Amino acid sequence: MKKIIGLFLAAAMSGLLLAGCVAPAAEKNSNDGEKVSIAEMEGTITDSLEWPTVTFAILPTQEITDVDLVVDKLNEYLVSIDAGVLADIVPIEFGNLSTTMTLMLSSSDTPIDIFTNMFYSTMIDVVNNEQCIPLDDYIKKYPEIVNVIGEEYLPFAQISGIQYGLPVVGAYSGFSGYALREDIANEIGVADRDGEVLTYDELTEILLKAKEAHPEMCFIINSVTGCNTNIDTMGDSTLQGVLLNRGLDTSEVVNYYESEEFLSYLRYTKKWKDAGLFLEDPLNQTIDNSYLKTGVAGGEFFGGYSIEDAKTSISTYGYEFTIFKLNEPLVNASSSSSAYFISSVCKNPDAAMKMLALLYTDPVVATYVAQGIKDIHYVLDENGCSWYPAGKELTTVNWCAGSQFYFPNKTLTYPFETSNPNYYKDMIKSNQDCQVTDAVGFVFDSSEVYDEYSAVSTVIDEYLKALVYAEIDYESYLPEFQQELRDAGIEKVIDAKQEQLNKFLESQ
């Protein structure tokens, strides 16, 4: 039997702590209201040897040897539920991901049926390169998939109103915040403000107290992150045209670098620079959160979909943290989700869609693929949370346990390396309770203003970091920066982004 396709970006993502709640097995309602299995809806093939086999991938950074073991267990389960389809998992070496995926998405000899753009490509490129097929007609047959994703989040995998993929289920909402080491928060008397929403004035006051108590530490590692607090970046890290107020009640694309919001932020960065809150020589340092673990930094901008999520994630740096919010959880055009697609070289799209439905709705299928086999690749504690078996870790467990984020619906798996059995329930609830802006799912295609976008990006690379770390005087250099942006063509980029956004909103 074929092998399914390969594991994940273990090194980059090994710090992620993921969790999940087990849901009922995949079912759907027939027209008369009786619950029937997917196999019954689609027509059962009594001899499983005749069932189509669907190929999909996992992405390991190290060799794994348990592919056959997991595939056999998974297929045994698929036969037991009369699924009408079998699975084939194929490991892909991460270093060869781009080359291997491109070949498999263009060859009918060794095709891949289901794939994700995670770590591989953008959704726009996947669509423009004709590597996937539209799914609008297929998802009508599987309303349970829409239910688990949420209809309001389907635009994450749409282009021009066409559903090309299925968004990976996860935390769509998020808030911006600041994480201060809990021991320091207790020392300066602010730990009781954990979870409170602060203004930048209030945050600055706290950080000045922290710096006074620990002059040897810095308290802001990445000042660029702070630029994004109160805007919708629309998925554009260069901020070439944004929505103010995080995209709430506005569809006007503006030049952020000429806004009062950006000027206000630069005024704060000047205060932070003068107080010694920044990492020393930030323009010549590697900017990452490892400084928290080494004790160089006592805090940093940090967020999540909830306070508990942020604390779980940042605890990997070796300390407990007090989290201050700078805004509330929200889903906007800055939010994103990778997606799963049916490839254009797939010979049996109906079978591929059936497998996708199982991956999104059946907890047994989702757990076999994402976590492997109980007591071999993961163990469960008394709370129903999962952990690596004794003596094992991501690089030695021989499966992808701990990398559930890569798969279609991690919320069907067991909470991983957390004592919170409700981790995924809370994640799902946050998606249901948060505010959602009209621009969710918008993706800017810069190809029509490629020259201008590239020229503006060059100007931003030259000025932005120096400005937001207050390495240069903003009163002197901001006007110069703004003029060079105009000369490079930022207004043309913003006009193109506005036109595309208008069309996107009209199509919703």
Side-chain angles (χ1 to χ4, degrees), residues 9-16 119 176-185 188 200 203-204 206-229 231 233 236-240 256-257 262-304 310 313-324 326 334 456-478 480-481 484:
L9 184 55
M13 294 295 186
S14 61
L16 289 180
F119 307 129
S176 299
Y178 183 89
L180 179 65
R181 264 178 40 181
E182 191 173 85
D183 56 335
I184 299 175
I188 64 175
Y200 264 138
L203 177 62
T204 300
I206 289 173
L207 297 186
L208 292 178
K209 289 181 180 178
K211 182 66 176 180
E212 182 179 2
H214 290 275
E216 76 283 5
M217 291 183 181
C218 74
F219 288 89
I220 296 176
I221 302 169
N222 190 344
S223 184
V224 178
T225 302
C227 289
N228 304 341
T229 300
I231 62 173
T233 69
D236 184 351
S237 62
T238 68
L239 311 184
Q240 294 187 47
Y256 177 59
Y257 298 116
F262 183 60
L263 178 59
S264 175
Y265 185 68
L266 293 183
R267 290 172 179 149
Y268 281 111
T269 63
K270 178 67 163 60
K271 295 178 183 178
W272 298 340
K273 167 73 171 180
D274 291 343
L277 297 180
F278 288 140
L279 185 69
E280 186 178 349
D281 194 19
L283 302 187
N284 295 305
Q285 299 286 354
T286 300
I287 302 300
D288 60 44
N289 287 343
S290 63
Y291 296 102
L292 295 170
K293 193 167 188 175
T294 59
V296 172
E300 172 61 329
F301 289 115
F302 207 84
S313 298
I314 201 168
S315 67
T316 59
Y317 296 103
Y319 296 91
E320 298 299 318
F321 288 82
T322 295
I323 306 290
F324 307 112
L326 297 172
S334 303
V456 172
S457 297
T458 299
V459 175
I460 292 170
D461 287 343
E462 181 181 354
Y463 282 90
L464 182 59
K465 288 183 180 179
L467 282 168
V468 298
Y469 283 106
E471 292 291 298
I472 56 177
D473 177 42
Y474 72 87
E475 292 182 339
S476 300
Y477 283 93
L478 180 58
E480 180 180 310
F481 175 46
E484 289 199 29

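All of these numbers come straight from a predicted model, not from anything done at the bench.
Residues that satisfy the salt bridge (charged side-chain N to carboxylate O under 4.0 Å, His left out) test with Asp281, not counting sequence neighbours, are absent from this structure. With sequence neighbours excluded, no residue forms a ring pair (Phe, Tyr, Trp, His ring centres under 6.0 Å) with Tyr474. Among residues two or more places apart in sequence or in another chain, the ring pair (Phe, Tyr, Trp, His ring centres under 6.0 Å) test is passed with Tyr317 by none. With sequence neighbours excluded, the residues forming a ring pair (Phe, Tyr, Trp, His ring centres under 6.0 Å) with Tyr256 are Phe262, listed by chain and number. Every residue meeting the side chain to side chain contact (heavy atoms under 4.5 Å, CB included) condition with Ala470, not counting sequence neighbours, appears here in chain and number order: Thr269, Lys273. In this structure Glu320 satisfies the salt bridge (charged side-chain N to carboxylate O under 4.0 Å, His left out) test with no other residue, sequence neighbours excluded.
Taking the side chain as every heavy atom from C-beta outward, Arg181 and Phe321 approach each other to under 4.5 Å. Looking only at side-chain heavy atoms (C-beta outward), Phe219 and Ile206 stay at 4.5 Å or farther from each other. For the pair Tyr469 and Leu283, the minimum side-chain heavy-atom distance is below 4.5 Å. With contacts defined as side-chain heavy-atom distances shorter than 4.5 Å, the pair Lys465/Ile287 does not qualify. Contact of the Trp272 side chain with the Leu208 side chain is not registered, since no non-hydrogen atoms from C-beta on lie closer than 4.5 Å. The closest side-chain heavy-atom distance from Ile460 to Gln240 is below 4.5 Å. Using a 4.5 Å cut-off on side-chain heavy atoms (C-beta onward), Thr238 and Asp461 make no contact.
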Next item on the list: Would you sort out whether Tyr268 and Leu203 count as a side-chain contact (heavy atoms from CB on, under 4.5 Å), showing the intermediate values?
Entry: CA-CA 10 Å; Tyr268 281 111; Leu203 177 62; over 6 Å; no
| said: Applying side-chain hydrogen bond (donor to acceptor under 3.5 Å, both in side chains) to Tyr200 and Thr229, what does each step give before you reach the verdict? | reply: CA-CA 10 Å; Tyr200 264 138; Thr229 300; 2.9 Å; yes
Exercise. Might you work through the side-chain hydrogen bond (donor to acceptor under 3.5 Å, both in side chains) test for Asp288 and Thr286, ending with a clear yes or no?
Key: CA-CA 6 Å; Asp288 60 44; Thr286 300; 5.5 Å; no
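Atom CG of Leu292 sits about 5.5 Å away from atom CD1 of Ile314, to the nearest 0.5 Å. Between the CG atom in Leu207 and the NZ atom in Lys271 there is a gap of 12.5 Å [rounded to 0.5 Å]. Lys209 NZ to Leu180 CG: the interatomic distance, rounded to the nearest 0.5 Å, is 11.5 Å. Atom CD of Glu480 sits about 9.5 Å away from atom CG of Leu467, to the nearest 0.5 Å. For the atom pair CD (Glu462) and OH (Tyr477), the distance works out to 10.0 Å, reported to the nearest 0.5 Å. Residue Tyr291 holds its OH atom at 5.0 Å from CG of Leu279, rounded to the nearest 0.5 Å.
Taking each heavy atom of Val459 and Glu484 in turn, the nearest pair found is CG1-CB, 3.8 Å. When all heavy atoms are compared, the tightest approach of Ala179 to Ile323 is CB-CD1, 3.5 Å. Residue Gly226 comes nearest to Tyr265 through the heavy atom pair CA-OH, 3.3 Å, listed as atom of the first residue, atom of the second, then distance. The two residues Ile184 and Ala210 come nearest to each other via the heavy atoms CG2-CB, 4.0 Å.
Judged purely by atom type and a 3.5 angstrom limit, Lys211 uses its side chain to pair as donor or acceptor with the backbone of Gly276. Panel note: side chain Ser334, backbone Thr233; a donor-acceptor pair is recorded below 3.5 Å. Distance alone, capped at 3.5 Å, places no donor-acceptor pair between the Ser313 side chain and the Ala310 backbone. At least one donor-acceptor pair under 3.5 Å links the side chain of Glu300 to the backbone N or O of Asn222. In this structure, the side chain of Ser223 engages the main chain of Val468 through a donor-acceptor pair within 3.5 Å.
With a 6.0 Å radius and a threshold of 12 heavy atoms from other residues, nucleotides or ligands, Glu212 has its CD atom at or below the threshold.
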